[in-house]
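Working notes for the structure below.
Here is the naming used below: chain letters follow the sequence lines, and residue numbers restart at 1 for every chain. Just so it is clear, the model here is predicted, and its values are computed rather than measured.
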Amino acid sequence: MTSSQKNSYHKSIDRFEYLLDAARSREIDTPYKLAQITGIPQSTAYRQIALMEKLRLISRDMQGRFMIGPESLRLANKAWDIQDIEVLAEPILRFIRIQTRQTGFLGFVANGDIQLGLYSIGLGCRFNKPTKSGLYHFLDVIKPLTSGRYDLVDDDGLRQPVILCPVVGNDHRELVIGLLKNDQKDETTTDDLALVTDVVNRFRAGLALVSQKTES
Amino acid sequence: MCSRLGLPTVFLSARLRTQMTDVTNIERIAKILKVVGRDPATFSISDIVKKAQLGRSTGFELIRALKERGYLEETPRKTLQLGKSARSLGLCQIESHSSKFHFGVPRMHDDQVTTSLDLAPELFQRAQPIKKAPPGPWRLGFANASSSNPWRAALLNSVYHSIKVHSSEVSEILYSDAQDDPVVQLSQIDELIDTGIDALLISAAPDKQGLLTDRLQDLTRQGLPVIAVDRRPSDKDCFTTFVTASDELLGRFSALWLAEHLKGKGRVWLLSGIQNASPTQRRLKAAKKVLRYFPDIVLEAHRYTDWTANGGYEASRNLLKVYRSAPHGVWCDSGLQGVGSIRAFMDAKEIIPPHTGGDINGMFRLALKQKISFCAFDFPAAMGSKAIDVAVSLLEGHSLPRRIEVPVAAILPRGAETRSIKADVIAEKYVRWDLADDVILSQGVALRGSGT
């Protein structure tokens, strides 16, 4: 195995990641633009995009914009050892967005970190966008996690207050639903917490049904 | 000359080889991750290489690279599981979002009407699993209620577009149009079934007497996936899953916008679609529920318009004759009739009151041109495409909820926002001046292939 062959594997992973990252932005609606933004040569990019669409690693939304595909989401769920939850999570997150106009998310808590998964981006001047990696760290390790307001920091050390409400978990990881909040403490926190708690209860009911079906 | 000199030929094949390597490596990466994801912490590297059917040398090196990049982790037992980078693959927005517009977030005031929505319980119930489907590609049937208005034509366009996208999974779609007659639709369903389809899509014709119920129940009991789209049959047990958008959201928020825009008082006319169609009833109920919070809003008249411009025109023209003056607002559950209503006011040389209702390009063009205050919640015709996705997912054996909702966006012209209703999309940016009036903008990517 030559070093150039070894490098070619990393190069392939790079391209795999470029295309996923570009699809993640949900702003690109043609393979041409996707190729341009990733810097991958046109013809290679076209073939790779077609292949990744075929493998459902990326897909398109109703407006034709590229997005993360169901197979990528399935892999992430497998990596977190959790059942497929997108179909249950999507209406919940849309509901949070409509009710609060803030960014709601599914998060996975493990080892003092939280990795964001699906999220619904808020609207308005006060919403926050997740960081590019979607990874945050707790300032203090809190066990067991209870519903409430927490302070997180991102990889650059910037503080990000959140509201979190645990859904299910075990000793190693916990699935939470949350809201990205703004820095200042505002009076909507209590309402937001009540809303997220209500949503989590519905979500749990949905998950229970999934489990029953699986067991039967 | 090229082959005689040799150089360009060598150059081309090297380039081609690199491209092919990239493509196949992506396929290999997907295979490896899938094998490890299916049985985490079970297999050693050599097992995975075998299971993913990779060459030994390539497989080992690619797994090494994936470990270095955090996609795979080694357990103490020397087996592999998905790693940190795989765990971050799920970071994804559920819907696209325009970052260009930043409006203020509404704060709830004591006197503000609640905008709370109900979440339909079916969103959290799983559809009955279907019996084992034959291997694809599959044949689908689409029993459409009708294609009597541009929205329904756009729905069909969206279905056909998705069939092209799913060409490897769907070999054929058979289509029938019941012209809003449930008796016709019943016989058309039988004809589709006789052809041996693997899944049935249905947009139910208005069926107050439940004529479709027994047949559809039989089909679902037999294990045929029945996917209702846009209009569901009246009985909830006679379909596998329902692809729709929230009529409640559309009805409630458009009514709330109108009430807030009128500062809580005035005479309002309500123009609905087809009398017995389920979306009509749900939108109307939701709108009335909100308008009840405003005691000074008088619901002066209610008419059905069959979701046609002509229906909207006739309704408003006749109401103008009865009441002799324009109301303060017109709530339409769609722009399909809204556009006709606006024309009726124009022809009568009356002041055009604020309207609700989007869907059709002509509504946006006319309202913007006439500088009418309006609010649109487009009911996405692209749900036709979603219904095909759902059919394929069910046939592939995936478990799905009983109800699947596609997102609905608020579209308002500049300056028309109210305390509670803010724009997701600005109407001036959404309208297509280059396209015809009867184009449905919410058909999404299918619009590109429509030739309009």
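Looking at A:S59, there are no atoms closer than 4.5 Å to chain B (heavy atoms on both sides), in backbone or side chain. For A:R56, the part lying under 4.5 angstrom from a heavy atom of chain B is the side chain only. With a 4.5 angstrom heavy-atom cutoff, A:Q115 touches chain B only via side-chain atoms. With a 4.5 Å cut-off on non-hydrogen atoms, A:D14 touches chain B through its backbone and its side chain both. Interface remark: A:L93 contributes backbone and side-chain atoms alike to the contact with chain B (heavy atom separation under 4.5 Å). With a 4.5 Å cut-off on non-hydrogen atoms, A:L116 touches chain B through its backbone and its side chain both. Of the two parts of A:E86, neither the backbone nor the side chain holds a non-hydrogen atom closer than 4.5 Å to a non-hydrogen atom of chain B. Contact of A:L135 with chain B is made through the side chain alone, with heavy-atom distances under 4.5 Å. For B:Y71, the part lying under 4.5 angstrom from a heavy atom of chain A is the side chain only. Heavy atoms closer than 4.5 Å to chain B are found in the side chain of A:L20, but not in its backbone.
The nearest pair of heavy atoms linking A:S12 to B:N25 is OG-ND2, 3.0 Å. The two residues B:E61 and A:Y9 come nearest to each other via the heavy atoms CB-CE1, 3.3 Å.
Between atom CG of residue B:L66 and atom CD1 of residue A:I13 there is a gap of 4.0 Å, rounded to the nearest 0.5 Å. Atom CD of residue A:E71 and atom CG of residue B:L89 lie 10.5 Å apart, to the nearest 0.5 angstrom. Taken to the nearest 0.5 Å, the CD1 atom of B:I26 stands 6.0 Å off from the CG atom of A:L19. For the atom pair CZ (A:R97) and CD1 (B:I94), the distance works out to 8.0 Å, reported to the nearest 0.5 Å. Put simply, CZ on B:R38 and CG on A:L75 are 10.5 Å apart, with the number rounded to the nearest 0.5 Å. Residue A:R202 holds its CZ atom at 9.5 Å from CG of B:L123, rounded to the nearest 0.5 Å.
For B:K34, the NZ atom is loosely surrounded, since the number of other residues' heavy atoms within 6.0 Å does not exceed 12. Other residues, nucleotides and ligands contribute over 12 non-hydrogen atoms within 6.0 Å of the CG atom of A:L55.
Contact count versus chain A (heavy atoms, under 4.5 Å) is highest, among B:I29, B:V165, B:I404, for B:I29. By number of non-hydrogen pairs under 4.5 angstrom with chain B, the leading residue of A:G134, A:A76, A:A79 is A:A79. Most heavy-atom pairs under 4.5 Å with chain A, from the set B:Q81, B:E73, B:H398: that is B:H398. Of the listed residues (B:A410, B:C92, B:S393), the greatest number of heavy-atom pairs within a distance under 4.5 Å of chain A belongs to B:C92.
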_Please determine whether side-chain contact (heavy atoms from CB on, under 4.5 Å) holds for the pair A:W80 and B:L82, giving the CA-CA distance in whole Å, both sets of side-chain angles, and the decisive distance to 0.1 Å._
CA-CA 8 Å; A:W80 285 109; B:L82 295 173; over 6 Å; no

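At distances below 3.5 Å, at least one donor-acceptor pair connects side-chain atoms of A:R94 with backbone N or O atoms of B:E405.
Residues A:D81 and B:P40 fail the side-chain proximity criterion, which asks for heavy atoms closer than 4.5 Å.
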